[in-house]
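This report refers to the structure that appears directly beneath it.
Values in this document were obtained by computation on a predicted structure and should not be read as measured data.
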Amino acid sequence: MESETMNGRMKNSDIAETQSSFLPAMKALPISAVKQNTVLQTLVGGAGEPEKECDREDMLRAQEEWEALETLQTGLHSEKSGLLGDFPGQTSLISFNEALQYFQTADMSEYKKKIQPAVRRSGLSLISHLLFGPPRLSKELHAERDLVLAIAQCPLDSSQQVHIRVLQTIYKRLTGARFDCPLYGSHWEQLGFQGLDPSTDLRAAGLLGLMHPLYMAMEPKTLPLAHDIFRLSQHHTQNFPFCIMSINITRICLQALREERVSKECNRRQQVFAVLNDFYVATFYHLYHIWKTQNKTISDSGFVLKEVESFAKRNPKELLRQLDIYLQERPLPKDLSPEIWDQQPIESSNQNRSNGNICFTGVCEQQVQEDRLI
């Protein structure tokens with residue numbers, strides 16, 4: 001009896017040891033692999049025993065729950081970082097104009113109090129600007145400009161669904177990911193943020209720092225360029241932080257707006273948002289062209305940004321012309337996903353202003369004057 005008891009104890013310990021080693025291994029397996037496991041299939045099938053009759057509804061319900069496990073698995077990322085609770089779920093892509101509608105209906109009065117629409121000048125600088133400087137922005141466009149600057153003051157809020165959809169859309173469009181990613185983690189560094197939390201880098205640009213890349217990623221004609229720039233940012237020697245560079249491009253756009261460098265084009269087209277959208281993409285393309293053709297690296301970033309900013313402010317018309325030539329010479333790829341083509345085109349400013357809606361591109365209200373990366 002004693003030997004049998006000892007043998008029984010040994011068997012129980014063996015079972016416990018097997019379970020302790022089996023469970024972590026099963027935990028590491030993906031759901032699809034578990035579903036295909038022949039042992040589990042044999043156990044579920046009763047190992048050849050006659051199947052017992054059961055209620056059909058219970059069977060269907062159990063099957064649905066089993067299939068749902070594969071979807072739930074997509075959220076099980078970064079367990080070591082404690083980020084499981086931060087996973088926001090699967091969200092739909094958001095178009096540029098849908099994000100615009102959110103800001104049009106939101107109360108932006110708090111942020112409009114903080115804006116500085118134009119560079120303050122005095123003395124000879126003011127006189128010189130009035131006599132020889134660019135034309136001033138038309139008064140009819142001031143409200144549109146103020147909305148842009150107000151959005152630049154709006155911080156990223158993880159409790160706002162639209163904010164998160166904008167961020168997740170940029171991540172999916174650039175990386176090709178099918179599912180959402182956690183709101184915090186090292187995956188944002190792949191996109192070109194400096195840390196685990198994107199909102200930290202966006203303090204200098206607000207949500208306008210996201211609206212610009214959202215426009216470029218969701219517009220069919222500029223999406224290929226966005227992919228080209230992102231691929232270059234991942235190069236083994238010419239890499240650079242994509243989103244940080246984008247925020248710096250947004251800063252250039254802001255300064256050009258506040259210094260009235262793009263007022264002539266805005267007045268001509270009677271738009272602010274659409275002009276700045278194009279100006280952002282054109283400036284980023286100019287930087288991309290210099291970076292790629294001249295084999296620049298991250299150590300050259302300060303000099304390149306200074307050169308790009310100087311050229312953009314002095315030649316905004318030429319900058320836009322270069323972008324137009326590039327887009328005309330490069331045909332649209334045939335494998336663009338269908339949802340891109342479903343986005344509403346940007347309507348004319350006059351038509352939108354008549355019904356109270358404005359389609360825009362964001363410009364970052366940014367006080368940083370440094371030429372280096374933020």
### Summary
Looking only at heavy atoms, the pair that brings L147 and F103 closest together is CD1-O, 4.4 Å
### Query
Is the closest side-chain donor-acceptor distance between N97 and Q101 under 3.5 Å?
no
## Note on the structure
Rounding to 0.5 Å, atoms CD1 (I164) and OG (S159) come to a distance of 8.0 Å
### Message
Could you tell me if the side chain of F242 sits less than 4.5 Å from the side chain of L232, heavy atoms only?
### Response
no
### Query
Does the side chain of Q271 come within less than 4.5 Å of C266's, by heavy atoms?
no
#### Entry: L225 side chain near L323 side chain, heavy-atom distance below 4.5 Å
yes
### Query
Quick one: are Q153 and M108 in side-chain contact, heavy atoms under 4.5 Å?
no
### Message
Looking only at side-chain N and O atoms, does T91 offer a donor or acceptor that is under 3.5 Å from a partner on D180?
### Response
yes
### Message
Using side-chain heavy atoms (C-beta onward) and a distance below 4.5 Å, is M245 in contact with S233?
### Response
no
### Task
May I ask you to test the L196-E189 pair for a side-chain heavy-atom distance under 4.5 Å?
yes
### Query
Taking NZ, NE, NH1 and NH2 as the nitrogens, is one of them in R269 or D278 under 4.0 Å from a carboxylate oxygen of the other?
yes
### Query
CG/L167 to CG/L210 distance, rounded to the nearest 0.5 angstrom?
5.5 Å
### Query
What closest approach, in Å, do Q190 and F230 show between heavy atoms, and which atom pair accounts for it?
O-CE1, 3.8 Å
### Task
Answer yes or no: is there an ion pair linking E265 with R268, defined by an N-O contact shorter than 4.0 Å?
yes
#### Entry: For R145 against L257, the heavy-atom pair lying closest together
CG-CD2, 4.0 Å
### Message
Between R136 and S263, is there a side-chain donor-acceptor contact under 3.5 Å, judged purely by atom types and distance?
### Response
no
### Query
Is there a donor in the side chain of Y102 and an acceptor in the side chain of H163, or the other way round, less than 3.5 Å apart?
yes
### Task
Report yes or no: does N239 contribute a side-chain atom to a donor-acceptor pair with the main-chain N or O of H235 at less than 3.5 Å?
yes
### Task
Return the set of residues passing ring-ring contact (aromatic ring centres under 6.0 Å, His included) with F311 (not counting sequence neighbours), or none when no residue passes.
H286
#### Entry: Main-chain N/O of R173 paired to H227 side chain as donor or acceptor, under 3.5 Å
yes
### Query
Which residues pass the ring-ring contact (aromatic ring centres under 6.0 Å, His included) test with Y326, sequence neighbours left out?
Y285
### Query
Counting distance only, does the side-chain N/O of T222 pair as donor-acceptor with the main-chain N or O of M216 below 3.5 Å?
yes
### Message
Any heavy-atom pair between the side chains of L174 and R231 that's under 4.5 Å?
### Response
no
### Query
Can a donor-acceptor pair be found between the side chains of Y280 and S246 at a distance below 3.5 Å?
yes
### Message
Quick one about R203 and S199 (side-chain donor to acceptor, distance below 3.5 Å, no hydrogens or angles considered), yes or no?
### Response
no
